[in-house]
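Structure first, then comments.
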Amino acid sequence: QVQLVDSGGGLVQAGGSLRLSCAASGRTLSTYSMGWFRQAPGKEREFLAARRWYDGWTYYADSVKGRFTISRDNTKNTVYLRMNSLKPEDSAVYSCAASTTQAMGIPDMVVPSKYDYWGQGTQVAVSS
């Protein structure tokens, strides 16, 4: 069993940056695949980025490629999402997710139902 806690959201001006954190407890993430998703009001949950813990392979949605970076800190058992050049349309609730499938690939990485554990979400608001 893994517990995920999301943090780091807030209000930022367009063009600004934020770093979201997803701290895991209960088990080490060394055998998991991790993903970040977001959901805006009235919209479906959207895949953003994913990373396989064991080999560091990453994958990004086209909408955030070049602006967002998923990374990890093994010592803290934490995954991060660094978000640069934020736009008003990036406003949403952001959540991390963990899959017990160590070698998760495409297309499973972009499918929310393929993940086993979720953080509670953290709100990001980008003002114009």
Side-chain angles (χ1 to χ4, degrees):
Q1 190 81 8
V2 171
Q3 293 80 42
L4 304 175
V5 177
D6 300 321
S7 63
L11 175 63
V12 63
Q13 289 188 332
S17 298
L18 281 174
R19 189 183 75 162
L20 306 183
S21 299
C22 172
S25 62
R27 295 191 65 176
T28 177
L29 294 176
S30 61
T31 60
Y32 287 72
S33 296
M34 301 297 296
W36 281 99
F37 292 78
R38 69 186 178 191
Q39 189 166 21
K43 295 188 176 181
E44 292 188 354
R45 184 169 281 173
E46 177 188 9
F47 168 80
L48 302 173
R51 184 184 183 108
R52 292 195 304 230
W53 204 268
Y54 82 100
D55 65 356
W57 185 77
T58 57
Y59 183 75
Y60 295 91
D62 288 342
S63 59
V64 304
K65 196 175 297 182
R67 297 192 300 127
F68 290 11
T69 303
I70 185 170
S71 62
R72 68 184 186 190
D73 185 327
N74 292 342
T75 62
K76 296 182 179 179
N77 214 30
T78 298
V79 175
Y80 302 99
L81 185 68
R82 177 69 181 183
M83 307 186 295
N84 296 327
S85 302
L86 284 164
K87 308 173 184 178
E89 52 264 42
D90 292 319
S91 298
V93 175
Y94 286 67
S95 302
C96 72
S99 168
T100 56
T101 303
Q102 183 177 4
M104 203 176 199
I106 304 300
D108 286 357
M109 268 188 165
V110 308
V111 180
S113 63
K114 297 296 184 180
Y115 290 82
D116 303 292
Y117 304 99
W118 289 84
Q120 85 285 2
T122 184
Q123 179 75 52
V124 171
V126 184
S127 63
S128 57

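Treat the numbers as computed from the prediction; the structure is a model and nothing was measured.
- In this structure the side chain of R67 reaches within 4.5 angstrom of the side chain of S85, judged on heavy atoms.
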Could you tabulate the donor-acceptor pairs under 3.5 Å formed by side-chain atoms of residues 20-30, not counting sequence neighbours?
unit_1: S25; atom_1: OG; unit_2: Q3; atom_2: OE1; d: 3.4
unit_1: T28; atom_1: OG1; unit_2: S30; atom_2: N; d: 3.4

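- Closest approach of A40 and S91 over heavy atoms only: CB-O, 3.8 Å.
- Counting heavy atoms from C-beta on, the side chains of C96 and V79 never come closer than 4.5 Å.
- Both F68 and V12 are assigned to one and the same hydrophobic cluster, defined by single-linkage of ILVMFWY side chains at heavy-atom distances under 4.5 Å.
- Criterion: ILVMFWY side-chain heavy atoms under 4.5 Å apart, direct or through other members. Under it, M104 and W57 are part of a common hydrophobic cluster.
- Listed here is the closest heavy atom pair of P88 and S128: CG-CB, 3.9 Å.
- Listed here is the closest heavy atom pair of Y115 and A50: OH-CB, 3.8 Å.
- Taking 4.0 Å as the cut-off between side-chain N and carboxylate O, D90 and K87 do not count as a salt-bridged pair.
- Between F37 and F47, the two ring planes are perpendicular [angle over 60°; tilted spans 30° to 60°].
- The OH atom of Y80 sits 5.0 Å away from the CZ atom of R19 when rounded to the nearest 0.5 Å.
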(message) Run E46 and S63 through side-chain hydrogen bond (donor to acceptor under 3.5 Å, both in side chains) and show every step you take.
(response) CA-CA 10 Å; E46 177 188 9; S63 59; 3.2 Å; yes

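- Across all their heavy atoms, V5 and Q120 have their closest contact at CA-OE1, 3.5 Å.
- Heavy atoms only, all atoms of each residue included: S33 and Q102 are closest at OG-O, 3.2 Å.
- Cluster annotation: V124 is connected to I70 through the hydrophobic network of ILVMFWY side chains, with a link wherever side-chain heavy atoms come within less than 4.5 Å.
- Put simply, the side chain of Y117 reaches to within 4.5 Å of the side chain of T100, judged on heavy atoms.
- Between the OG atom of S71 and the CZ atom of R82 there is a distance of 10.0 Å, given to the nearest 0.5 Å.
- Each of W36, W118, Y94 was evaluated against D6; a single residue qualifies, W36, per the side-chain contact (heavy atoms from CB on, under 4.5 Å) test.
- Residues T101 and D108 have side chains not in contact (no heavy-atom distance under 4.5 Å, counting atoms from C-beta outward).
- The line from CG of L81 to CZ of R51 is 12.0 Å long, rounded to the nearest 0.5 Å.
- Side-chain contact between L48 and M83 is absent, with no heavy-atom pair separated by less than 4.5 Å.
- Hydrophobic clustering of Ile, Leu, Val, Met, Phe, Trp and Tyr side chains at less than 4.5 Å, counting indirect connections, unites M109 with V111.
- Looking only at distances, no side-chain donor or acceptor of S99 sits under 3.5 Å from a matching main-chain atom of D116.
- Contact between L4 and M34 at its shortest, heavy atoms only, is CD2-CE, 4.3 Å.
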